[in-house]
Number of protein chains: 2
Amino acid sequence: MADGRIAQVQTGESLLFLTDEQLRQGIETMFFAYRGFTADPDRILSDLSYGRAHHRAIHFINRAPGTTVNNLLTILGVTKQSLNRVLRALIADGLVESRVGTVDKRERHLYLTDSGHALESQLSDAQRARMRAAYREAGPEAVAGFRKVLEAMMDPDMHRCYSRLRDSAG
Amino acid sequence: MADGRIAQVQTGESLLFLTDEQLRQGIETMFFAYRGFTADPDRILSDLSYGRAHHRAIHFINRAPGTTVNNLLTILGVTKQSLNRVLRALIADGLVESRVGTVDKRERHLYLTDSGHALESQLSDAQRARMRAAYREAGPEAVAGFRKVLEAMMDPDMHRCYSRLRDSAG
DNA sequence: CAGTTTACGTCAGTCTTGTTGACATTCCAA
DNA sequence: TTGGAATGTCAACAAGACTGACGTAAACTG
């Protein structure tokens, strides 16, 4: 329907990177890369009979220690019932600790235990190893572009939510 | 465990983009971007009571018309039973046609019907629109870097498989 | 203070999408 | 020609998402 080549004619610039074919290749590469991106932690998780959902929870609890269930819900974009199933397992297995809030006793603040931190390290070391190899192979300019495109692809709401998270961690 | 700053000291180059913190930000951005990446088609699909799996099948059948079930299996990386359920629905709904192979009658060759092409266009138009906006915002150099990093992140096997696909389409 | 809202947990049920296992058909090679 | 390998189908099950309903405790509000 809309074709990049039309835009090229309109602006007179070289916008060949916006052709439908270029975009389709970007879409497919994104699909394959995301699989690679999760492949290593997924292998570790399946040995523990955990899944992606558990990794996501562990990642963001480590990222923002003491975060509430509601915060986590917003970031992960799932229902509380779905998250609760995962958290229940992680708490039962002693990887996550849930503390009643002191200022607002309705809230539960989530923390990784020592075992939780151990698993988090194992998972993110595996994921970072692949990421690091990709970054090193592509070089710093490519990495800057990579980040720039990804951030432009995020939902604007998510972008705000994520910026807050990033700022709070410093 | 392994920290980018060590590499920096070793090589003397500026490898600050390889620090654990930079990598973690890349990991999180990838997570959020992938959600944005699939959000638009997912909305369309849920109205039709289809899901990601259906989109993937439709995408690659459109990409490589006449492909066999086994080819599709390799590309998608799921079991044949899982793919079969999805294909059965698409065939029943008249979006995909399955033709018995002429040279090897065990094989089924898959094609999109006219309705199948219509849905494929609708889905990929939506996905491309967001992709195009992100590309345009980031600019051509960023897009080149984006692609470079993603390709380095893919599984090597997948990379070969994908190259074949890309060549076959010309 | 009474009523409402918020935060969280849970039970029950459904749907998608992945998995194994068993099985039929077809092809190919010993 | 016969046994194994490849291709695809059917059945049953599990993980992880969803909705809806309900309960409890705490906080807020008129």
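In the text below, chain A, chain B and the rest are named by the order of the sequence lines, each starting its count at 1.
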- Short question: side chain of A:T68, backbone of A:H109 - any donor-acceptor pair under 3.5 Å? no
- Query: Is a donor-acceptor pair below 3.5 Å formed from side chain B:R106 to base C:dT25, judging by atom type as modelled?
  - Reply: no
- Do the side-chain N or O atoms of B:S82 get closer than 4.0 angstrom to the phosphate oxygens (OP1, OP2) of C:dT17? no
- A:R35 has an atom CZ; how far is it from atom P of C:dT17, in whole Å? 15 Å
- Whole angstrom is fine here: how far is it from CG in B:L83 over to P in C:dT20? 15 Å
- Task: Decide whether a cation-pi geometry holds between A:R99 and A:Y111; the criteria are a distance under 6.0 Å from NZ or CZ to the six-membered ring centre and an angle within 45° of the ring axis.
- Result: yes
- A:H55 NE2 to D:dA17 P, in whole Å, measures 14 Å
- Query: D:dA17 P sits how many Å from B:D42 CG, rounded?
  - Reply: 14 Å
- Task: Could you tell me whether the side chain of A:Q81 has a donor or acceptor atom within less than 3.5 Å of a complementary atom in the base of C:dG13?
- Result: no
- Message: Looking at A:V78, is its backbone amide N or carbonyl O close enough to the side chain of A:S82 to form a donor-acceptor pair, meaning the two atoms are under 3.5 Å apart?
- Response: no
- Length of the line joining B:L72:CG and C:dT17:P, which is rounded to integer Å: 14 Å
- Considering only side-chain heavy atoms of B:R85, which listed nucleotide, C:dG18, C:dG9, D:dG8, is closest? C:dG18
- D:dA15 phosphate, OP1 or OP2, under 4.0 Å from A:H54 side-chain N/O: no
- Item | Closest listed nucleotide, where the reference is the side chain of B:D104 and the choices are C:dA7, C:dC27, C:dT10 | C:dC27
- Across the strands shown, which category fits A:V103 at heavy-atom distances under 4.0 angstrom: base, sugar-phosphate, nothing? sugar-phosphate
- Message: With a 4.0 Å cutoff (strictly under), does any side-chain N or O of A:T79 reach OP1 or OP2 of D:dC18?
- Response: yes
- Item | Phosphate-side-chain proximity, B:N84 and D:dT9, N/O vs OP1/OP2 below 4.0 Å | yes
- Contact class for B:S49 (heavy atom, under 4.0 Å): base, sugar-phosphate, or nothing? sugar-phosphate
- Message: Taking the six-membered ring of B:F37 as reference, does the cationic atom of B:R130 (NZ for Lys, CZ for Arg) lie under 6.0 Å from its centre and within 45° of its axis?
- Response: no
- Take B:T68 and A:R56, find for each the nucleotide of DNA chain D with the closest heavy atom, and name the residue whose nucleotide sits nearer the 5' end. B:T68
- B:K80 has an atom NZ; how far is it from atom C1' of C:dA24, in whole Å? 11 Å
- Task: Using whole Å, report how far CZ of B:R52 lies from C1' of C:dG18.
- Result: 15 Å
- Task: Could you give me the CA-CA distance, side-chain angles and deciding distance for B:R56 and B:H59, then say whether side chain to side chain donor-acceptor pair (under 3.5 Å) is met?
- Result: CA-CA 5 Å; B:R56 288 198 288 266; B:H59 176 97; over 6 Å; no
- Query: Just how far, in rounded Å, is C1' of D:dT7 from NE2 of B:H109?
  - Reply: 11 Å
